[in-house]
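Single-structure report; data block below.
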2 protein chains.
Amino acid sequence: MTASGPLLLLVEDEPQMRRFLRVALEGGGYRYLEAATGQEGLAMAAQHRPDLILLDLGLPDMDGLDLMTRLREWARTPVIILSARGQEADKIGALDVGADDYLTKPFGTGELLARIRVALRHADTGDVQDPVFSLGRWRVDLARRQVLVEGREIHLTPIEYRLFTTLIRHAGKVVTQRQLLKEVWGGVAGAQPLYLRVYMAQLRHKLEEDPSRPRYLRTEPGVGYRLRTED
Amino acid sequence: MTASGPLLLLVEDEPQMRRFLRVALEGGGYRYLEAATGQEGLAMAAQHRPDLILLDLGLPDMDGLDLMTRLREWARTPVIILSARGQEADKIGALDVGADDYLTKPFGTGELLARIRVALRHADTGDVQDPVFSLGRWRVDLARRQVLVEGREIHLTPIEYRLFTTLIRHAGKVVTQRQLLKEVWGGVAGAQPLYLRVYMAQLRHKLEEDPSRPRYLRTEPGVGYRLRTED
DNA sequence: GGAAGACGTTAAGAAAGCGTTAGGAAAACT
DNA sequence: AGTTTTCCTAACGCTTTCTTAACGTCTTCC
């Protein structure tokens, strides 16, 4: 399971503001890089190609608008300006040299994150690939609830699908019978280990190349089952 | 590309604010349309396809966020929210349902124009989103609310259409019964899975070549339905 | 090497879910 | 107000899915 989130670049010199932003960005689940000067910011933008840049206008070494201009010579990375100055002329200037948004301090983390989402949404190229779990001949698109074996779509019943995805969630690890019964049948009293045998057999028939000698859907005798991920 | 500039749609009920905006937009050299209510705004958006929408949240006839949501079902026209409410929660809500910017009154004409420029910049650098969904023999013009099957126009009732476009919006993915009921019937208490069966049958009769063996409008037993996009 | 426990396999009946039809109620339109 | 369209609802039969039982196979341990 791949697909790490967007990468943000934070260009900000004041330590206090940096701390605030760190908390905000981490709260939003973003990865981020930090630069304390304009020079450094430009260099990091070039090197790491972040998905979005948060730029403080009050940098010590260069004017924020200059930085914007230089950046726009080669990149269209969305930029959100953070500034203590709320004068209309400042905003207009920044937006017109290519900034995508302008936030005046102080601002809330919620609004910041919402505006980051907007900017990233714009940058979206359109078709977003769903996270896909793949293993051997299998491709499982959890968002689509779709299982492909060598490109062919395989239909799984609700219980089969829940059982399979439960194993996927714990891929590589042994899942005990008790746990599987609980997660798939949802704590219903009547759930018996026999069910697991029946449905594991069905899964193997639908998914394994040689169901009688399963390669991935392995039994751990006396304990439970596990989805083998290595070879 | 014609000689005239971008067309803006202004959805605003207060006469005073309208006068202010007229002056601002004319100063910026824009053509614009005006609507005083949400209904009117949606209709004009569909008919005239403006390049950008300025939307006041405090409309008399419908909630501004509802309007956003309805609009985003078929169009990605940039929307700038104008609001007297500056609460962070309001901003976050509006931005997350698809607004592109949020301006709190009072604001200056200069900043408004600058933010309009930013929004329009996004629209033309980015991909022009095709408001037509096509699949197999089907062509669905989401803006015109028109469904063609092999070029023939097929009439769908409101519920049929909402059900169909909901599936289109999640094309390829399984949409659970619960979710469909919520999105189509709008969280009304009485909505039952039976409704889905009835309307899916009607959709299949109107759209599928062989309604008894549907190719695209697929059932996922025990889960929901999905619009199959591949083969 | 045999017995016991654990697991795999198959099939069939039961249950749940789904498709279909139609008629009356409600809403929209004229 | 009358007409037409749309929506809701119930009933019935069909299909899919789940459950359950019986039996075969494998492993382990004495």
Side-chain angles (χ1 to χ4, degrees), chain A residues 145 147 153-167 174-178 180-181 183-226 228, chain B residues 39 145 147 153-167 174-181 183-226 228:
Chain A
R145 199 189 178 281
V147 179
E153 179 169 357
I154 300 294
H155 175 74
L156 298 185
T157 71
I159 286 194
E160 287 166 3
Y161 185 79
R162 275 202 300 265
L163 179 56
F164 188 37
T165 52
T166 301
L167 290 171
V174 178
V175 190
T176 63
Q177 301 195 358
R178 169 182 294 275
L180 283 172
L181 288 170
E183 294 200 33
V184 176
W185 276 268
V188 177
Q192 298 168 36
L194 166 60
Y195 298 174
L196 290 176
R197 285 190 265 145
V198 172
Y199 281 100
M200 285 302 299
Q202 288 185 5
L203 273 185
R204 284 170 177 150
H205 262 104
K206 288 186 173 181
L207 303 176
E208 288 277 5
E209 202 152 15
D210 179 358
S212 60
R213 275 182 298 131
R215 188 170 171 188
Y216 301 109
L217 295 166
R218 310 284 291 199
T219 304
E220 297 288 333
V223 187
Y225 295 87
R226 97 174 211 274
R228 188 161 91 174
Chain B
Q39 286 295 344
R145 204 186 172 286
V147 179
E153 177 164 3
I154 300 293
H155 173 73
L156 297 185
T157 71
I159 286 197
E160 287 166 2
Y161 184 78
R162 266 196 305 236
L163 179 56
F164 189 37
T165 52
T166 302
L167 289 171
V174 176
V175 190
T176 63
Q177 302 193 358
R178 169 183 296 275
Q179 199 175 344
L180 283 172
L181 288 170
E183 295 201 32
V184 176
W185 276 268
V188 177
Q192 296 169 37
L194 168 61
Y195 300 174
L196 291 176
R197 286 190 263 147
V198 172
Y199 283 99
M200 284 302 299
Q202 289 184 3
L203 273 185
R204 283 171 178 150
H205 265 104
K206 289 186 174 180
L207 303 176
E208 288 277 4
E209 202 151 16
D210 180 357
S212 61
R213 275 181 300 132
R215 187 170 171 189
Y216 300 110
L217 295 167
R218 309 283 292 203
T219 304
E220 295 287 334
V223 187
Y225 294 86
R226 92 176 215 270
R228 190 160 91 173

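Given the structure is predicted, the values throughout are model-derived calculations rather than measurements. Letters go in sequence order (proteins before strands), and every chain restarts at 1.
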Value in whole Å for how far the [atom2] atom of [N] lies from [atom1] of [X]:
| X | N | atom1 | atom2 | value |
| --- | --- | --- | --- | --- |
| B:W185 | D:dT6 | CH2 | P | 15 Å |
| A:D210 | C:dT9 | CG | P | 10 Å |
| A:H155 | D:dT16 | NE2 | C1' | 8 Å |
| B:Q202 | C:dT21 | CD | C1' | 11 Å |
| B:R213 | C:dG19 | CZ | P | 15 Å |
| B:I159 | C:dA27 | CD1 | C1' | 12 Å |
| A:L156 | D:dC18 | CG | P | 11 Å |
| A:L203 | C:dC7 | CG | P | 17 Å |

Among [options], the nucleotide that comes nearest once only the side chain of [X] is considered:
| X | options | answer |
| --- | --- | --- |
| A:P158 | C:dT21, C:dC7, D:dT17 | D:dT17 |
| B:A201 | D:dT19, C:dT20, C:dG8 | C:dT20 |
| A:Y225 | D:dT20, C:dG8, D:dC7 | C:dG8 |
| B:P221 | D:dT17, D:dC8, D:dT19 | D:dT17 |

Inset, instruction - Could you please spell out the steps behind the side chain to side chain contact (heavy atoms under 4.5 Å, CB included) verdict for B:R197 and B:Y225? - result: CA-CA 10 Å; B:R197 286 190 263 147; B:Y225 294 86; 4.0 Å; yes

Legend entry - A:R197 vs A:T157, nearer the 5' end of DNA chain D by closest nucleotide: A:T157

Inset, instruction - Select from A:L194 and A:E160 the residue whose nearest nucleotide in DNA chain D is closer to the 5' end of that strand. - result: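 Result: A:E160.
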
Legend entry - Check: A:R204 side chain, A:L217 main-chain N or O, donor-acceptor pair, under 3.5 Å: yes

Legend entry - Donor-acceptor pair, side chain of B:R226 and main chain of B:R218, under 3.5 angstrom: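 Looks like no, no N/O pair under 3.5 Å.
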
Under 4.0 Å between a side-chain N or O of [X] and OP1 or OP2 of [N]?
| X | N | answer |
| --- | --- | --- |
| B:S212 | C:dG19 | no |
| B:Y195 | D:dC8 | no |
| A:Q177 | C:dC7 | yes |

Inset, instruction - State which residue, out of B:T219, B:L180, B:L167, fulfils the side chain to side chain contact (heavy atoms under 4.5 Å, CB included) condition with B:M200. - result: B:L167

Inset, instruction - Report yes or no: is the cationic atom of B:R145 (NZ for Lys, CZ for Arg) under 6.0 Å from the centre of the six-membered ring of B:Y161, at an angle within 45° of the ring normal? - result: yes

